[in-house]
Protein chains: 2
Amino acid sequence: MAGVTLEQVALEARVSTATVSRIINGTGKVSARRKKQVMDAIEKLGYRPNLVAQSLARGQSMNVGVLTQDISSPYFSQMHKGIEQGFQGSGYHPIFVSEEWRDDQDHAALEVLLSRRVDALIVLGGYIEDDVLLKISRNTPMVVVGRLVPGLEKQCLQVNNHHGGLLATRHLLDLGHRHIAHIAGPDTHYDAVERMAGYMQALQEAGVPLNRQLVVEGQFSEEGGMRATEKLLKLGMPFTAIFACNDQSALGAQLVLQKKGFRIPQDISVVGYDDLSHSAFIYPPLTTVRQPGLKMGRAAAQCVLDLLSEKSPHLPAFHNELVVRESSGRAAGSEVIVPAETATLAVEAKPVQKRKRASKKDS
Amino acid sequence: MAGVTLEQVALEARVSTATVSRIINGTGKVSARRKKQVMDAIEKLGYRPNLVAQSLARGQSMNVGVLTQDISSPYFSQMHKGIEQGFQGSGYHPIFVSEEWRDDQDHAALEVLLSRRVDALIVLGGYIEDDVLLKISRNTPMVVVGRLVPGLEKQCLQVNNHHGGLLATRHLLDLGHRHIAHIAGPDTHYDAVERMAGYMQALQEAGVPLNRQLVVEGQFSEEGGMRATEKLLKLGMPFTAIFACNDQSALGAQLVLQKKGFRIPQDISVVGYDDLSHSAFIYPPLTTVRQPGLKMGRAAAQCVLDLLSEKSPHLPAFHNELVVRESSGRAAGSEVIVPAETATLAVEAKPVQKRKRASKKDS
DNA sequence: CTGTTAGCGCGTTCAG
DNA sequence: CTGAACGCGCTAACAG
């Protein structure tokens with residue numbers, strides 16, 4: 001950690017350390033002559049301020065902790081990038097730490113940040129208890145993304161996942177689909193639950209009864225999406241569309257469907273959620289609800305900056321946006337509005353036939 | 001940045017700060033009785049060591065800088081995760097910063113890390129000049145991943161990209177392909193160049209002349225892969241397989257091919273490189289060369305740890321591994337070894353016909 | 001074993 | 001304008 005010190009610069013420039021400090025930080029007036037001396041000395045010695053010492057002296061570390069779920073997650077990475085961009089040029093820098101191990105009662109991840117004396121905290125979802133966050137927020141500016149902490153509403157950046165679920169499902173309904181399956185996320189995830197609520201509301205609005213059997217859990221992952229889809233197919237319950245709670249599970253769904261010979265969207269439509277960076281490039285390109293991850297990250301950073309400069313934080317509203325691509329299309333035979341059947345036991349049901357519209361047996 | 005101080009703990013426990021420090025750090029012997037007093041005080045006050053002050057006093061920040069290309073890149077994210085894992089429990093923590101803006105003569109990213117006095121540096125590829133790195137490495141332990149810095153060989157973690165290119169291309173050759181296109185990466189990227197070299201060597205070994213027109217640049221991105229593939233198809237030059245320099249461009253290639261009606265792998269085989277987390281789930285699942293990103297990240301971290309503890313660093317060799325999935329298959333009509341034609345102007349060539357094997361006109 | 005005392009590198013009064 | 005001196009929170013000799 002060695003390096004040239006302020007004192008060495010002062011010595012070289014034949015001034016006091018205070019003067020050098022003033023010049024570096026632009027604090028107080030300094031004569032042009034001395035200023036030049038000092039600048040020369042800095043240049044000559046290759047001086048670089050020691051941020052650690054500055055931190056201790058000033059009482060702020062210029063670091064902002066970011067508590068994330070998984071640093072490698074395609075979903076969060078957009079936010080990470082936005083956060084990084086948001087702090088560009090501010091002097092602050094984000095320090096990322098993954099929550100990872102959930103059964104961690106000591107909140108080791110948090111500890112890493114707190115002991116490093118981060119000046120603020122950005123929390124991306126996660127499992128840390130509300131009251132823990134609330135307590136920390138009393139001493140440390142905090143912005144929470146994708147989650148609503150009671151008592152901290154003004155610093156919670158949210159997108160309306162409920163609305164997104166609504167958009168996705170309405171889109172499918174508009175295309176004539178009446179039997180829409182849903183691949184849900186873990187019910188521990190606020191986002192997932194909200195998306196599903198949107199799905200249910202859309203159905204209700206359209207007068208389409210909810211068929212609980214068409215709702216299966218997909219764990220937010222590709223594998224989960226695959227398993228869920230296989231389960232749906234085995235059910236033998238007809239459906240012409242799937243709304244997956246995120247793109248990852250939608251990808252898994254598409255894979256299974258295509259492997260089984262279903263054409264997307266001719267046989268079955270698929271809609272995802274998140275608009276991951278690769279979702280536009282899979283085949284067929286995925287219709288999805290875009291999460292403005294980059295913007296959200298930037299906004300979170302900006303909000304932190306506001307908080308740190310005592311300005312009243314401004315959290316813009318974020319809207320999910322439906323991105324229609326090629327994985328969704330009109331329901332086969334959608335000219336006929338099929339009366340929904342009661343959600344009876346799927347005893348007589350046989351596996352959906354391949355290469356045929358899953359809804360055919362309805363008509 | 002406020003918080004309980006050592007001194008307050010000492011006061012509460014009626015001992016000196018030195019004693020508290022000893023207990024916290026396990027330095028020196030302390031009587032059990034005092035130890036309990038101190039532990040109680042710590043507990044009562046909720047003391048948490050100030051890492052900033054520790055850093056200044058000890059002369060080490062317990063932070064390791066990671067200079068990456070893009071914090072949101074699906075390719076690098078595996079390494080990021082590996083790095084984070086590698087430092088788990090070591091007391092050190094990675095600080096990521098994206099190089100981002102290439103036309104940055106001041107190396108702002110580096111500056112962020114250096115002024116924070118990171119104890120070591122992990123450099124993931126990038127454009128920072130060799131001599132700059134070399135100079136920094138004299139004061140700061142450094143590990144470079146995916147790049148060879150002359151004079152720093154022992155700290156350069158590499159996978160044999162050349163070998164990977166060889167594997168991928170041989171695989172296609174083994175399947176009977178003789179007209180193999182290559183979507184190259186930017187020639188500023190060491191990795192990309194090496195992969196292409198492997199491709200060329202494999203062709204040579206097999207006695208298949210290189211057709212330079214079948215090598216197009218894809219910029220490591222999905223869009224690039226799409227453009228490259230369109231270009232290839234327009235060429236009218238027959239080919240039955242594509243080896244893309246990374247999965248992202250392979251994804252773009254698959255998309256274009258499928259949109260144009262080609263079946264993968266029946267009409268055209270595709271092989272990628274990296275094995276991104278979603279590559280197993282796209283349709284058809286991508287045959288690719290796996291980069292052990294997670295392991296590499298862990299190894300880089302371990303190497304840094306070794307360097308920091310003066311142990312002789314150990315960098316294991318990493319091998320690329322071919323992962324055969326469903327995007328590659330036997331070349332159509334591969335029972336006939338087609339004599340390679342001379343790479344003449346593609347004047348008489350017409351666009352490859354859809355739904356037909358691109359190689360048909362050869363046979 | 002334990003307390004006292006210097007620093008670590010820099011910011012910031014407080015007198016000139 | 002400028003410099004001397006103290007403090008940030010903690011570690012590390014150095015004496016007891």
In a table with atom names and distances, give each donor-acceptor pair under 3.5 Å that connects a side chain of residues 151-159 of chain A to protein atoms at least two apart or in another chain.
residue: A/E153; atom: OE1; partner: A/G151; partner atom: N; Å: 3.1
residue: A/E153; atom: OE2; partner: A/G151; partner atom: N; Å: 3.0
residue: A/Q155; atom: NE2; partner: A/M142; partner atom: O; Å: 3.1

Notebook entry, point to check: When you check the gap from the basic side-chain N to the acidic O, do B/K36 and B/D40 get nearer than 4.0 Å?
Noted result: yes
Can you check whether [X] has a side-chain N or O nearer than 4.0 Å to OP1 or OP2 of [N]?
X     : N      : value
B/R34 : C/dC1  : no
B/R58 : C/dC8  : no
B/Q54 : D/dT11 : yes

Item checked: Check: B/E12 side chain, B/L45 main-chain N or O, donor-acceptor pair, under 3.5 Å -> no
Checklist line | For the student: nearest non-hydrogen atoms of A/L121 and A/L110, plus distance | finding: CD2-CD2, 3.9 Å
For [X] and [N], what is the distance between atoms [atom1] and [atom2] respectively, to the nearest whole Å?
X      : N      : atom1 : atom2 : value
B/N50  : D/dC8  : CG    : C1'   : 9 Å
B/L6   : C/dT2  : CG    : C1'   : 15 Å
B/Q8   : D/dG9  : CD    : P     : 8 Å
B/M62  : C/dC8  : CE    : P     : 21 Å
B/L51  : D/dT11 : CG    : P     : 10 Å
A/R117 : D/dG9  : CZ    : P     : 9 Å
A/Q60  : C/dC10 : CD    : C1'   : 13 Å
B/L56  : D/dT11 : CG    : P     : 11 Å

Next item on the list: List in numerical order all residues of residues 15-33 of chain A for which some heavy atom is under 4.0 Å away from an atom belonging to DNA chain D.
Entry: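 Hits under 4.0 Å, by residue number: A/V15, A/S16, A/A18, A/T19, A/R22, A/K29, A/V30, A/S31.
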Next item on the list: Mind checking the CD-CZ spacing from B/E111 to B/R116? Nearest 0.5 Å is all I need.
Entry: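 Spacing of CD (B/E111) from CZ (B/R116) equals 11.0 Å.
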Note to self: Can you tell me how far apart SG (A/C303) and CZ (A/R298) are? Round to the nearest 0.5 Å.
What the structure shows: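 Output value for this atom pair is 15.5 Å.
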Item checked: Parallel, tilted or perpendicular, as decided by the 30° and 60° cut-offs, for the rings of A/H80 and A/F96 -> tilted
